[in-house]
Protein chains: 2
Amino acid sequence: MEYYREDSAILLAVDCIIFGFNGESLQVLLIKRDFEPERNKWSLMGGFVQPDESPELAASRVLKKLTGLENVYMEQCSVFGDPKREPNSRVVSICYFALIDTQKYTHILSEEYEANWFPLQNYPTLIFDHDQMIASAQHRLRIKAALYPILFELLPEKFTIPQIAALYEGVYNIEFDKRNFSRKLLSSDLIIKLEEKDKENSKKGAFYFKLNTAIYKEKIMSFLRYLPSWFPEN
Amino acid sequence: MEYYREDSAILLAVDCIIFGFNGESLQVLLIKRDFEPERNKWSLMGGFVQPDESPELAASRVLKKLTGLENVYMEQCSVFGDPKREPNSRVVSICYFALIDTQKYTHILSEEYEANWFPLQNYPTLIFDHDQMIASAQHRLRIKAALYPILFELLPEKFTIPQIAALYEGVYNIEFDKRNFSRKLLSSDLIIKLEEKDKENSKKGAFYFKLNTAIYKEKIMSFLRYLPSWFPEN
DNA sequence: TTAATTAGTGTCAAATTAACATTTATTTTT
DNA sequence: AAAAATAAATGTTAATTTGACACTAATTAA
C-alpha cells in the first residue's frame with residue numbers, strides 16, 4: 001500500500017453519452033470541440049470534476065450546461081483510464097449515460113458548442129476513446145433496459161405503443177412481433193391508456209399512453225420478467 | 001467547458017471487493033489498516049492509481065499484493081467520489097470486485113496486513129464508505145451472476161453440483177429446489193461430469209464436475225436463459 | 001441387516017413464450 | 001359513395017419453460 005500522496009498528476013473528468021430517440025432511431029448528442037487539443041472534431045460532452053463536487057454532480061452540471069435540462073436519468077458507466085488515452089495529459093474519465101426526452105431538449109444553449117444528434121448506427125469519428133465510450137454505454141443501456149423499464153425516460157409524457165416498440169427495436173437493433181410486445185407491455189400495468197389518439201403517424205391512429213409512475217417505481221424489477229422470479233431485490 | 005488544468009487536487013484510488021466462497025457462505029476478504037488515518041480498523045484492500053498505470057492495472061496490482069494471485073476475474077463496479085468521503089483528502093475511488101478461488105489463496109503475503117475472510121452476512125464495520133462499496137459490489141455480482149455464469153470463478157477446478165447450488169444460494173441468500181437447479185444446470189452443457197466423487201460431504205458422495213470452458217466462453221449468454229432469446233449480444 | 005442421509009432422476013400441471021390470424025378504425029382511391 | 005389500403009388492436013394456439021413434488025440410488029453408520 002502506498003501512503004497518502006498529494007503529488008498525483010492524474011486529472012479526473014466526466015464524459016456524457018447523451019441518448020435520445022427521434023421516433024425512428026436511437027441517437028447520441030455530440031459536440032464539436034472548440035478548444036485544443038482536437039479542436040473542431042466531434043466528441044462527447046465532458047468536463048473536469050471540480051474539487052468540491054462529486055463525479056455525479058459534475059456529470060449533471062456538464063449535461064445541464066449543454067442541454068439546460070436537470071433531473072435527467074443518468075447512470076454511471078465505465079471508467080476509461082488508460083495512461084495514453086489522451087496524448088498531452090493524464091486524464092481519467094468517468095462515463096455517464098443520460099436518457100433524455102428530445103422534446104424537452106429544444107435548442108443548444110451555449111454558443112461554444114455546435115451540438116448535433118447522430119444516429120447510433122452512423123456517427124462521425126470521435127476523439128480519443130470516445131467511440132469506445134459510446135459502445136460501452138450502449139451495451140450497458142441494452143443490459144439495463146432488459147432488466148428495468150428505463151427506456152421510458154427517452155419518451156415524452158404521452159406516447160403510443162408503436163412508438164415504444166420502435167424504441168425497443170432501435171435499442172436492440174432487432175424487429176419483434178408487435179402483437180406479442182404490446183400484450184406483454186399492457187399486462188405489466190406499466191402504462192395507462194389515455195383518451196386521445198395520435199393521428200400523425202397512421203390512418204387509424206394509435207392511442208396515447210402515459211407511464212404509471214407508481215408501478216414504474218415499485219414494480220420496476222418485474223417489468224417484462226427478464227429476471228427470474230426468485231431474484232430478491234432490485 | 002473548463003480548459004485543461006493541471007492543478008486538480010483530486011487523488012485517484014482503487015478499492016477491491018474480494019469475494020470468496022468457503023463452501024457455505026459468500027465471504028469478503030478484508031484487511032486491518034496499518035496506517036493512518038483509521039489505523040487498525042477494517043477496510044477493503046486499496047491503493048492509489050499510479051501515473052503510469054490504468055485503473056485496471058492498479059486494481060490487479062493491489063489484488064496481487066494481498067493475495068499473490070494473478071489473472072483473477074475482476075470487474076469494474078461503481079466509483080465513489082463524494083468530496084467528503086475521506087476526511088483528510090479528496091480521494092475518488094474506483095471499485096473493482098474480484099472473484100477468487102479460495103483454494104488458490106493460501107496465505108497472507110505481506111506482513112503489513114492482517115487479512116481475514118468475513119461472511120457477507122456479518123462483517124465488521126469498515127472505514128469511510130467501504131460498507132456501501134461492498135453493498136454495491138454485491139448487488140452488481142447478483143445481477144451479473146444472473147446473466148452470466150461468473151460464479152464458477154469462485155469454485156475450484158473440480159466441484160460438485162451441491163457445491164454450486166450452495167454458492168448460488170449464498171449469493172442470492174435464498175433457497176431453491178436443488179432438483180430443478182441441477183436439471184437446469186446440466187441441460188446447459190456448461191459442466192462436464194468427472195469419474196471421481198467427493199466423499200467428504202455426504203455418505204453417497206457427489207460426482208465432481210469441471211467447467212466446460214468452451215461453452216463457458218461461447219454460450220456464456222444463454223446460461224440459465226435469464227435474458228430473452230432475442231437479446232442480441234453479450 | 002437396517003436405518004439414515006443426501007445425490008440424482010422422474011413426473012406433471014401451470015405459466016410463459018412465440019408464432020400466426022383476425023378484426024377494427026380510419027384515410028385514400030376509385 | 002363504395003372499395004381498397006393501411007396500420008392498430010385484439011385473439012388463438014402449440015411449444016417451451018418453470019416450479020412443485022415424488023421417487024430411486026449409493027453409501028455409511030448403527
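Here is how names work: the chains are called A, B, and so on, in the same order as the sequence lines, proteins then strands, and each is numbered from 1. Just so it is clear, the model here is predicted, and its values are computed rather than measured. The analysis underlying the following values was restricted to heavy atoms, covering all of them including side chains, and did not include hydrogens, waters or symmetry mates.
Where A:Tyr208 and A:Arg183 each meet DNA chain D at their nearest nucleotide, the meeting point lying more 5' is that of A:Tyr208.
In terms of polar N and O atoms assigned as donor or acceptor, the side chain of A:Asn180 comes within less than 3.5 Å of the base of C:dA19 in a complementary pairing.
Taking atom NZ on A:Lys178 and atom C1' on D:dG11, their separation rounds to 18 Å, with Å as the unit. Distance, A:Asn201 CG to D:dA7 P: 10 Å, rounded to whole Å. What separates NZ of B:Lys193 from P of C:dA7 is a distance of 13 Å, to the nearest Å. With rounding to whole Å, A:Gln163 atom CD is found 10 Å from D:dA8 atom P. Look at CG on A:Leu194: it is 12 Å from P on D:dA9, rounded to the nearest Å. Residue B:Phe176 contributes atom CZ, which lies 14 Å from atom C1' of D:dT18 at whole-angstrom precision. When rounded to the nearest whole Å, the span between CD1 of A:Ile164 and C1' of D:dA9 equals 14 Å. Computed from coordinates, the B:Phe181 CZ to C:dT6 P distance equals 18 Å when rounded to whole Å.
Ring planes of B:Phe159 and B:Phe152: tilted class, angle from 30 to 60°. Ring geometry, B:Phe128 versus B:His130: the interplanar angle exceeds 60°, so the pair is classed perpendicular (tilted spans 30 to 60°). In this pair, B:Trp117 and B:Tyr105 present their aromatic rings perpendicular. The plane angle is above 60°, beyond the 30 to 60° band.
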5' to 3', nucleotides 21-30 of chain C under a 4.0 Å protein heavy-atom cut-off (B base, S sugar-phosphate only, - none) gives B--BBBS---

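Among the protein residues, A:Thr160 comes within range of no part of the nucleic acid, since none of its heavy atoms lies under 4.0 Å from any strand.
Among A:Glu196, A:Glu195, A:Glu200, the one residue that satisfies the salt bridge (charged side-chain N to carboxylate O under 4.0 Å, His left out) test with A:Lys158 is A:Glu196.
A cation-pi geometry, defined here as NZ or CZ lying under 6.0 Å from the six-membered ring centre and within 45° of its normal, does not hold between B:Lys178 and B:Phe181.
Atom NZ of B:Lys193 is separated from atom NZ of B:Lys210 by 14.5 Å, given to the nearest 0.5 angstrom.
Considering all non-hydrogen atoms of both residues, B:Arg142 and B:Val171 come closest at NE-O, 2.8 Å.
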